[in-house]
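For the single chain, residues carry numbers from 1 onward in sequence order. Each ligand, and each atom within it, is numbered from 1 in the order the structure gives.
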Amino acid sequence: MFQGRLFEGKIFVITGGGTGLGRSMAHYFMSLGARVVISSRKQDVLEQAARELAQETGGQVLPIPCDVRSYDQVENMLAQTISHFGLPDGLVNNAAGNFLSPTERLSHRAFDAVVDIVLKGSYNCTLAFGKKWISEKKPAVVLNIVTTYAWTGSAYVVPSACGKAGVLALTRSLAVEWAKYGIRMNAIAPGPFPTKGAWDRLFPPQLSEALKPEIRVPLKRVGHHQELANLAAYLMSDFSAYINGEVITIDGGEWLMGAGQFNWVERVATPDMWDELEKTIRAADEKRA
Ligand code: HXC
Ligand code: NAP
């Protein structure tokens with residue numbers, strides 16, 4: 001979508017940046033000239049991703065291991081970013097944990113594990129980075145990766161739904177409170193974008209045929225990583241300077257498909273049935289008249 005060196009001179013930190021959508025965003029931001037920190041728990045995964053990203057884009061990337069659930073580790077990750085690249089211009093809260101399970105089967109530790117990565121991880125990073133930006137008087141941008149069930153809720157992924165709803169509240173709250181410091185905050189709510197992390201935990205082989213995401217998406221396909229990276233680049237760039245506190249859905253119409261009462265009519269009423277159906281409906285009207 002963008003060309004040239006849109007992000008020349010910019011420094012961005014992406015949590016969960018070594019895999020999946022985080023890696024795809026890192027790739028695109030680096031292609032556009034940004035220096036990028038990718039951060040997550042697994043050092044070997046990060047280091048391999050960093051090597052590949054540098055090779056693929058010719059850009060600069062720094063892998064920093066950090067568990068976002070620990071505020072001390074987040075502060076340490078920020079300090080390393082500053083000493084290597086300088087004070088970052090933006091943060092993408094992308095790290096997440098999730099798995100499919102009936103809620104009554106979860107231990108309280110399982111519930112904590114997911115909410116702590118998603119919500120606590122996002123506010124830990126936002127707080128540490130925000131304090132620094134404010135004290136240094138540096139304008140900045142935060143992008144939070146949520147999901148569409150942040151506002152609808154969803155069965156079988158309840159800790160994730162609770163965590164993502166909290167992150168959406170964080171987005172809308174701080175967009176207002178920190179605007180005076182020149183800090184913008186937005187969110188992206190992706191629909192299904194195939195990644196190993198999500199697919200292994202949400203579409204196990206026994207269910208994957210029945211749960212096939214394409215069936216529920218009006219556009220009848222999953223998302224391409226580049227499509228999400230395009231939107232993320234826009235929201236991290238100055239082109240979106242007047243967008244603040246917004247959540248942008250990128251799901252091919254999936255969540256609205258589940259919401260509209262008659263959206264499923266086409267499943268049962270094929271186009272050749274409509275002459276007959278119209279006759280029946282009109283006839284019922286005439287009987288009443
Ligand atoms: C029930 C489970 C479980 C499962 C773990 N637990 N997996 N309980 N069903 N499938 C329990 C454990 O038994 C333990 O409880 C507690 O959860 C913590 O487990 P740990 O393995 O110690 O946790 P940890 O190492 O911190 O790993 C966190 C994790 C893991 C969330 C469990 O899956 C992970 O690392 N995920 C990161 C990547 C990820 O999830 N990516 C997908 C994002 S997809 P006890 O009581 O035994 O101690 C996404 C997309 C949404 O968000 C929308 C898609 C369309
Ligand atoms: P993914 O590859 O599994 O990404 C999750 C990342 O988070 C991993 O790199 C993981 O790395 C990191 N992470 C997990 N726990 C962490 C912790 N405690 N500290 C630091 N990093 C941690 O899955 P994905 O599909 O790309 O998901 C990326 C984002 O998109 C998530 O916010 C997810 O909720 C959102 N999303 C995805 C989809 C989809 O269809 N894929 C749909 C809606 C929303 P480590 O294990 O090395 O820590």
Which of the atoms in ligand 1, numbered in the order shown and given with their element, are less than 4.0 Å from a heavy-atom of Ser107?
15 (O), 45 (P), 46 (O)
Nearest non-hydrogen partners of Met236 and Phe12, listed with the distance
CE-CD2, 3.7 Å
Just going by heavy-atom distances, which of Pro213, Gly197, Pro192, Ser40 is nearest to atom 42 (C) of ligand 1?
Gly197
List the closest protein heavy-atom neighbour of atom 10 (N) of ligand 1: residue, atom name, distance to the nearest 0.1 Å.
Phe99 CD1, 3.5 Å
If you scan the protein for heavy atoms around atom 54 (C) of ligand 1, do you find one that is closer than 4.0 Å?
yes
Contact check: Arg201 vs ligand 2, nitrogen or oxygen atoms, below 3.5 angstrom:
no
Minimum distance, heavy atoms only, to atom 43 (C) of ligand 1: which one of Leu211, Asn94, Asn98 is it?
Asn98
If you count the non-hydrogen atoms of other residues, nucleotides and ligands that lie under 6.0 Å from OH in Tyr156, is the total more than 12?
no
Heavy atom of the protein closest to atom 44 (S) of ligand 1 (residue, atom name, distance)
Ala198 CB, 3.6 Å
Going by heavy atoms, is Lys164 under 4.0 Å from ligand 2?
yes
Only heavy atoms of Ala96, strictly under 4.0 Å: list the atoms of ligand 1 that pass.
37 (C), 38 (C), 39 (C), 40 (O), 41 (N)
Numbered in order shown, the ligand 1 atoms found under 4.0 Å of a heavy atom of Ala113 are 18 (C)
Check whether any protein heavy atom sits under 4.0 Å from atom 51 (C) of ligand 1.
yes
The protein heavy atom nearest to atom 6 (C) of ligand 2 is Gly16 CA, 3.7 Å
Residue, atom name and distance, where the atom is the protein heavy atom closest to atom 13 (N) of ligand 2
Ala95 CB, 3.9 Å
Could you pull out the closest heavy-atom pair between Asn93 and Val142, with the gap in Å?
ND2-CG1, 3.8 Å
Name the closest protein heavy atom to atom 3 (O) of ligand 2, giving the residue it belongs to and the distance to 0.1 Å.
Gly197 CA, 3.3 Å
Between Tyr234 and Phe239, does the ring centroid distance fall short of 6.0 Å?
no
Measure Lys42 to ligand 1 on non-hydrogen atoms and call it side chain, backbone, both or neither using the 4.0 Å cut-off.
neither
Closer than 4.0 Å: a protein non-hydrogen atom to atom 45 (P) of ligand 2:
yes
Nearest protein heavy-atom contact for atom 39 (C) of ligand 2: which residue, which atom, what distance?
Phe193 O, 3.4 Å
Quick test: of every protein heavy atom, which one is nearest to atom 33 (O) of ligand 1, and how far off is it to 0.1 Å?
Arg201 NE, 2.8 Å
Run down the list Asn94, Asp251, Thr15 and name the one with the heavy atom closest to atom 29 (C) of ligand 2.
Asn94
Counting only heavy atoms not in Glu266 (residues, nucleotides, ligands), do more than 12 fall under 6.0 Å from its CD?
no
Run the numbers for me: atoms of ligand 1, each under 4.0 Å from some heavy atom of Leu202, listed by number.
50 (C), 54 (C)
For atom 11 (O) of ligand 2, which protein heavy atom lies nearest, and how many Å away is it?
Ser40 CB, 3.4 Å
Atom 29 (C) of ligand 1 protein-contacted, heavy-atom criterion under 4.0 angstrom
no
Under the side chain to side chain contact (heavy atoms under 4.5 Å, CB included) rule, collect the residues that match up with Asp72, sequence neighbours excluded.
Ser70, Glu75
Quick check: are there more than 12 heavy atoms from other residues, nucleotides or ligands sitting under 6.0 Å from NZ of Lys287?
no
Salt bridge (charged side-chain N to carboxylate O under 4.0 Å, His left out): which pairs involve residues 48-71, sequence neighbours left out?
Arg23-Glu52, Arg23-Glu56, Asp67-Arg69
Phe7 and Ala233 have their tightest heavy-atom pair at CZ-O, 3.4 Å
Quick check on contacts: which atoms of ligand 1 are under 4.0 angstrom from a heavy atom of Arg69?
26 (O)
